[in-house]
Asker: 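First, the structure itself, so that you have it in front of you.
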Amino acid sequence: MEYRELGRTGLRVSEIGYGAWGIGASNWVSATEDESVRALHRAIDLGVNFIDTARGYGESERIVGSVVRERAGDEVYVATKVPPRNGKWPAPDGLDPAETFPGDHIRATVDESLRASGLAAFDIVQFHVWSDEWVGRGDWLETVAALKKEGKIRFFGVSINDYQPENAIRLIETGEVDTVQVIYNAFSQRPEEKLLPSCREHGVGVIVRVALDEGGLTGRITAGTTFPAGDFRNAFFRGDRPAQVERRVNALVADLGIDVDQLPDIALRYVLDEPAVSTVIAGMRTVRNVERNAATSDGRQLTAEQRATVKRHRWERNFYNAD
Ligand SMILES: NC(=O)c1ccc[n+]([C@@H]2O[C@H](COP(=O)([O-])OP(=O)(O)OC[C@H]3O[C@@H](n4cnc5c(N)ncnc54)[C@H](OP(=O)(O)O)[C@@H]3O)[C@@H](O)[C@H]2O)c1
């Protein structure tokens, strides 16, 4: 496992981080706690030292906290997230920060997350949505500063709204944020345009989410793929979307001249090739996926030709949207 600086935090984080949404039994169905615990331990054994969870991920904070406490001898960093008080994902335009992240809500939620996880502090607390309209307004900034001072959180980050990578640049420029979390993958390449250069310039850590396109870039989504009832992917991959994904993946794999099984590795390398990226929090619920993804962090980069090929397969769209 290779490690990188998380912006100017002084933390050195594993290139492959652990995305712990799927293990919480909230929006993803069928993870078992036994397998999740085994996967987390295997990840730590293989050098993963960064885990991303959230108050909104069902049992995830509890499971992550218990494994991290058990592994007290290993330095493992945990990032969690505060949900917006109005419960709206992503944050629409025109909201007052008093509706989304008032200080009393931030404080109460962080305390709940600490209780659920059994941890004494979080390395990073992120707002689960963000709008640059909130810069300079509300009492969120002084609350974050107070929580840092009290030792409940070490660093502050935001999770950028889906496919709106520019909607955090004003915040980055204020110097008040330590990390951003963003959707960036072989299909959704837009962060390369403005966000990543801005993070580099201001020393902000970049946590990449959905590097495997919620499974689209694993080769496992094909026409007719279905998911268990209650799984959020029923909406994300509904209608003819699996068939669209299959066509795109087949074209990409053919151009790269690889077996589809190699696609997750190539997709993770594509985002890791950007030096502004600190860690890629792959969603992993099994030991198998942990082992395969951890193996990607070996210091090797894509060839210039492979990178150019992936770039040609850019496909910007928003499957989180209802239409
Ligand atoms: N708004 C937000 O802040 C937000 C939103 C989304 C995600 N996140 C964070 O980002 C993390 C990553 O996103 P995600 O989990 O939604 O999506 P993702 O990482 O793009 O994809 C996860 C999917 O890829 C599969 N997978 C992983 N490694 C694989 C491999 N080597 N071979 C084949 N399949 C593989 C997983 O399989 P299994 O299902 O078998 O495990 C899962 O179905 C989340 O866990 C969460 O921590 C944050």
Side-chain angles (χ1 to χ4, degrees), residues 16-32 35-36 38-40 42-43 46 48 50-58 60-61 63-64 78-84 88-91 124-130 157-165 167-168 179-188 206-221 225 227-228 231-233 235-237 245 249 259-271 279-297 318-320:
I16 301 297
Y18 196 109
W21 180 20
I23 66 170
S26 51
N27 311 92
W28 292 67
V29 175
S30 81
T32 67
E35 180 71 12
S36 302
R38 273 199 300 277
L40 279 163
R42 188 73 184 125
L46 292 171
V48 169
F50 187 84
I51 304 175
D52 177 77
T53 180
R55 186 79 288 266
Y57 292 170
S60 178
E61 284 181 331
I63 298 169
V64 167
V78 180
T80 195
K81 308 188 197 81
V82 179
K88 287 205 174 116
W89 269 267
I124 305 175
V125 162
Q126 308 157 98
F127 289 175
H128 210 144
V129 297
W130 177 253
V158 297
S159 187
I160 300 177
N161 282 351
D162 304 331
Y163 307 111
Q164 297 178 17
N167 192 0
T179 63
V180 294
Q181 183 178 133
V182 64
I183 295 177
Y184 174 37
N185 62 49
F187 289 146
S188 302
V206 176
I207 300 162
V208 169
R209 74 171 184 262
V210 192
L212 297 172
D213 189 42
E214 303 290 11
L217 283 162
T218 66
R220 292 183 166 187
I221 307 294
T225 296
F227 302 94
D231 196 297
F232 104 97
R233 289 170 297 173
F236 192 87
F237 291 116
V245 169
V249 163
D259 190 276
V260 74
D261 205 36
Q262 294 168 267
L263 186 58
D265 175 71
I266 298 277
L268 293 173
R269 283 182 202 277
Y270 177 77
V271 292
T279 184
V280 180
I281 46 168
M284 309 185 281
R285 300 187 292 174
T286 61
V287 168
R288 173 205 180 266
N289 286 349
V290 164
E291 290 177 345
R292 293 186 60 130
N293 296 343
T296 292
S297 175
N318 188 351
F319 277 5
Y320 298 101

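Just so you know, ligand 1 is whichever comes first in the structure, and atom 1 is the first atom listed for that ligand. Quick note: numbers below take in every heavy atom, side chains included, and nothing from hydrogens, waters or symmetry partners.
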Asker: Where is the nearest protein heavy atom to atom 30 (C) of ligand 1: which residue, which atom, and how far?
Answerer: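 Result for atom 30 (C) of ligand 1: N289 OD1, 3.4 Å.
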Asker: May I ask you to identify, for D52, whether its side chain, its backbone, both or neither come under 4.0 Å of ligand 1 on a heavy-atom basis?
Answerer: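 Contact part for D52 vs ligand 1: both backbone and side chain.
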Asker: Does either side chain, that of W130 or that of N167, offer a donor lying less than 3.5 Å from an acceptor on the other one?
Answerer: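 The criterion, which ignores hydrogens and geometry beyond distance, is not satisfied for N167 and W130.
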Asker: Given that the side chain starts at C-beta and the backbone is N, CA, C, O, which of these parts of W28 lies under 4.0 Å from ligand 1, counting heavy atoms, or is it both or neither?
Answerer: side chain
Asker: Number the atoms of ligand 1 from 1 as they appear, then name those within less than 4.0 Å of a heavy atom of R285, with their elements.
Answerer: 38 (P), 39 (O), 41 (O)
Asker: Tell me every residue that passes side chain to side chain donor-acceptor pair (under 3.5 Å) with R233, counting only those two or more places apart in sequence or in another chain.
Answerer: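 For R233 the side chain to side chain donor-acceptor pair (under 3.5 Å) partners, ignoring immediate neighbours, are D231.
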Asker: Distance from I16 atom CD1 to I281 atom CD1, nearest 0.5 Å?
Answerer: 11.0 Å
Asker: Just so I know, are the side chains of S159 and F127 near enough to count as touching, which here means a heavy-atom distance under 4.5 Å?
Answerer: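 Counting from C-beta outward, S159 and F127 never come under 4.5 Å.
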Asker: So which bit of A211 gets within less than 4.0 Å of ligand 1, heavy atoms only: side chain, backbone, both or neither?
Answerer: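 Looking at A211 and ligand 1, just backbone atoms fall under 4.0 Å.
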Asker: What's the shortest distance from atom 32 (N) of ligand 1 to any protein heavy atom, and which residue and atom give it?
Answerer: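 I find the closest protein heavy atom is R288 NH1, 3.4 Å.
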Asker: Pull out every atom of ligand 1 sitting under 4.0 Å from any heavy atom of G19, numbered as shown with elements.
Answerer: 11 (C), 44 (C), 45 (O), 47 (O)
Asker: Mind checking whether F227 and F236 have ring centres under 6.0 Å apart?
Answerer: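 No.
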Asker: Just how far is it from atom CE of M284 to atom CD of E291, taken to the nearest 0.5 Å?
Answerer: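 Going from the CE atom of M284 to the CD atom of E291 covers 11.0 Å.
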Asker: Determine whether V290 and Y18 make a side-chain contact, defined as any pair of heavy atoms from C-beta on separated by less than 4.5 Å.
Answerer: yes
Asker: Checking contacts here: is it the side chain or the backbone of E35 that comes within 4.0 Å of ligand 1, counting heavy atoms only? Could be both or neither.
Answerer: neither
Asker: As an exercise, identify every atom of ligand 1 less than 4.0 angstrom from a heavy atom of H128.
Answerer: 1 (N), 2 (C), 3 (O)
Asker: Only heavy atoms of T218, strictly under 4.0 Å: list the atoms of ligand 1 that pass.
Answerer: 24 (O), 25 (C), 26 (N), 33 (C), 34 (N), 35 (C)
Asker: N/O of G283 under 3.5 Å from N/O of ligand 1, yes or no?
Answerer: yes
Asker: Given Y57 and W28, is the ring-ring contact (aromatic ring centres under 6.0 Å, His included) satisfied, shown in steps?
Answerer: CA-CA 9 Å; Y57 292 170; W28 292 67; 9.9 Å; no
Asker: Just need the protein heavy atom nearest to atom 4 (C) of ligand 1, so name the residue and atom and give the distance.
Answerer: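 That would be R209 CD, 3.2 Å.
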Asker: From atom 28 (N) of ligand 1, work out which of T286, I183, N293, D265 has a heavy atom at the shortest distance.
Answerer: N293
Asker: Please identify which of these residues, I51, V64, T53, meets the side chain to side chain contact (heavy atoms under 4.5 Å, CB included) condition with T80.
Answerer: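 Single side chain to side chain contact (heavy atoms under 4.5 Å, CB included) partner of T80 among I51, V64, T53: T53.
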Asker: May I ask you to identify the nearest protein heavy atom to atom 11 (C) of ligand 1, giving residue, atom name and distance to one decimal place in Å?
Answerer: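 Scanning the protein heavy atoms, the shortest distance from atom 11 (C) of ligand 1 goes to I281 O, 3.3 Å.
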Asker: Does a salt bridge link R209 with D162, judged by any charged N lying under 4.0 Å from a carboxylate O?
Answerer: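 A salt bridge is present here (some side-chain N lies under 4.0 Å from a carboxylate O).
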Asker: Check for me whether W89 has a heavy atom closer than 4.0 Å to any atom of ligand 1.
Answerer: no
Asker: Could you tell me which atoms of ligand 1, counted from 1 in the order shown, lie closer than 4.0 angstrom to a heavy atom of S159?
Answerer: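 Taking each heavy atom of S159 in turn, ligand 1 has 1 (N), 2 (C), 3 (O) under 4.0 Å.
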Asker: Can you list the ligand 1 atoms lying under 4.0 Å from a non-hydrogen atom of A20?
Answerer: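 Counting from 1, the qualifying ligand atoms are 45 (O), 47 (O).
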Asker: What residues, two or more places apart in sequence or in another chain, satisfy ring-ring contact (aromatic ring centres under 6.0 Å, His included) together with F50?
Answerer: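 Per chain and number, F50 pairs via ring-ring contact (aromatic ring centres under 6.0 Å, His included) with no residue.
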Asker: Compute the shortest N/O to N/O distance between W21 and ligand 1 and return yes if it is under 3.5 Å, no if not.
Answerer: yes
Asker: Considering the heavy atoms of R233, write down every atom of ligand 1 situated less than 4.0 Å from one of them.
Answerer: 43 (O)
Asker: Should D261 and R220 be marked as a salt bridge (Lys or Arg N to Asp or Glu O under 4.0 Å) after you check the CA-CA gap, both sets of side-chain angles, and the distance that decides it?
Answerer: CA-CA 9 Å; D261 205 36; R220 292 183 166 187; 5.9 Å; no
Asker: Are any of the N/O atoms in A282 less than 3.5 Å from those in ligand 1?
Answerer: no
Asker: Tell me, which protein residue and heavy-atom name are nearest atom 13 (O) of ligand 1, and how many Å apart are they?
Answerer: V210 N, 3.7 Å
Asker: Rounded at 0.5 Å granularity, tell me how far CG in D213 sits from CZ in F237.
Answerer: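 The distance works out to 5.5 Å.
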Asker: At less than 4.0 angstrom from any non-hydrogen atom of Q181, what atoms of ligand 1 do you find?
Answerer: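 Once the distances to Q181 are compared, the set is 3 (O), 4 (C), 8 (N), 9 (C), 48 (C).
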Asker: How far is atom 17 (O) of ligand 1 from its nearest protein heavy atom, and which residue and atom name does that atom have?
Answerer: E214 OE1, 3.1 Å
Asker: Are R55 and E61 close enough for a salt bridge, meaning some N to O gap below 4.0 Å?
Answerer: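 Counted as a salt bridge, because a side-chain N and a carboxylate O are separated by less than 4.0 Å.
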Asker: So, regarding D162 and ligand 1 (criterion: nitrogen or oxygen to nitrogen or oxygen, under 3.5 Å), is there a contact or not?
Answerer: no
Asker: Check each heavy atom of Q126 against ligand 1 and say whether those closer than 4.0 Å belong to the side chain, the backbone, both or neither.
Answerer: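 Answer for Q126: neither.
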Asker: Once rounded to the nearest 0.5 Å, what's the spacing between atom CG of N289 and atom OG1 of T286?
Answerer: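 Atom-to-atom, N289:CG and T286:OG1 are 3.5 Å apart.
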